[in-house]
Amino acid sequence: MSSSAGGGDQRHSPLSHPVNTPDAPAPVGPYNQAVLAGGVLYCSGQIALDPVSGVLVGEGDVEAETRQVLSNLQAVLAAAGCRPDHVVRTTVYLADLGDFARVNALYAGLFSEGVAPARACVQVAALPRGARVEIDAIALVP
């Protein structure tokens with residue numbers, strides 16, 4: 001598990017630990033990419049930022065954005081020693097619910113093995129940096 005610098009106040013209680021990795025975009029506010037508490041990993045929402053440049057990828061293509069979001073989320077999971085099959089809950093935020101089928105097809109490619117996580121999917125008025133999709137997750141750490 002990596003807890004490198006970047007984003008958020010790095011002070012933590014003995015019961016929770018920040019998880020940050022350079023393989024996912026640095027937080028754009030006072031938070032961590034994830035927090036590990038009591039064997040549960042709480043992953044912050046990921047948007048389609050390139051981890052190196054910090055630039056939103058996809059130029060408005062929701063499928064390109066979704067692929068990057070899922071890649072970013074996998075990097076955060078891996079930093080805590082988790083795989084997609086450890087995820088028990090996700091929330092998918094869409095700027096346009098009309099994108100549901102295209103996002104869902106890519107999402108299913110990552111989360112269709114074994115027990116798929118419980119999930120909510122909602123349309124929101126706006127997402128950071130003009131993104132079209134954001135996904136957060138909760139995983140059980142092995």
Side-chain angles (χ1 to χ4, degrees), residues 1-13 15-58 60-142:
M1 165 179 27
S2 170
S3 55
S4 62
D9 184 345
Q10 296 300 310
R11 292 173 291 174
H12 58 274
S13 79
L15 302 176
S16 66
H17 304 279
V19 175
N20 292 293
T21 175
D23 296 329
V28 296
Y31 59 91
N32 291 288
Q33 293 166 335
V35 172
L36 177 60
V40 179
L41 184 69
Y42 299 90
C43 299
S44 295
Q46 289 291 322
I47 60 173
L49 296 178
D50 176 271
V52 175
S53 69
V55 173
L56 188 70
V57 304
D61 177 351
V62 73
E63 291 175 0
E65 282 195 32
T66 302
R67 282 189 287 278
Q68 185 66 52
V69 166
L70 294 172
S71 175
N72 293 345
L73 187 56
Q74 281 184 279
V76 174
L77 291 168
C82 292
R83 298 184 314 262
D85 62 328
H86 294 136
V87 174
V88 296
R89 176 78 163 87
T90 64
T91 306
V92 178
Y93 305 91
L94 299 174
D96 181 353
L97 207 49
D99 291 330
F100 178 83
R102 293 187 291 161
V103 170
N104 198 50
L106 294 164
Y107 176 98
L110 183 63
F111 292 114
S112 63
E113 296 296 318
V115 177
R119 179 179 83 180
C121 181
V122 296
Q123 179 173 314
V124 296
L127 290 167
R129 305 232 180 139
R132 296 184 61 178
V133 61
E134 179 174 353
I135 301 175
D136 66 28
I138 301 171
L140 300 179
V141 178

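This structure is a prediction, so every number in the text was calculated from the model and none was measured.
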With side chains defined as the heavy atoms from C-beta onward, is the minimum distance between Val35 and Val19 less than 4.5 Å? no

Minimum side-chain heavy-atom gap Arg119-Tyr107 below 4.5 Å: yes

Look only at the side chain of Thr66 and the backbone of Val62, and say whether a donor-acceptor pair between them is shorter than 3.5 Å. yes

Please determine, by modelled atom types, if Asp136 and Tyr93 share a side-chain donor-acceptor pair under 3.5 angstrom. yes

How long is the gap from CG on Asn104 to CG on Asp99, to the nearest 0.5 Å? 12.0 Å

Is there side-chain contact between Pro22 and Pro51, with at least one heavy-atom pair below 4.5 Å? no

Side chains of Cys43 and Thr90, heavy atoms from C-beta outward: is any pair under 4.5 Å? no

List the steps and the verdict of side-chain contact (heavy atoms from CB on, under 4.5 Å) for Leu127 and Arg132. CA-CA 7 Å; Leu127 290 167; Arg132 296 184 61 178; 5.7 Å; no

Output yes when a side-chain donor or acceptor of Gln33 lies under 3.5 Å from a complementary backbone atom of Val76, and no otherwise. no

What distance do Cys121 atom SG and Leu97 atom CG have between them, rounded to the nearest 0.5 Å? 5.5 Å

Do Leu49 and Val28 come close enough that some side-chain heavy atom pair is under 4.5 Å? yes

Quick one, Val92 and Phe100 - any side-chain contact, counting heavy atoms below 4.5 Å? no

When you compare the side chain of Leu56 with that of Glu65, does any pair of heavy atoms fall below 4.5 Å? yes

How long is the gap from CD on Gln123 to CG on Asp96, to the nearest 0.5 Å? 5.5 Å

Asn32 backbone acceptor or donor facing Ser44 side chain under 3.5 Å: yes

Please tell me if the side chains of Leu41 and His86 come closer than 4.5 Å, counting only heavy atoms from C-beta onward. no

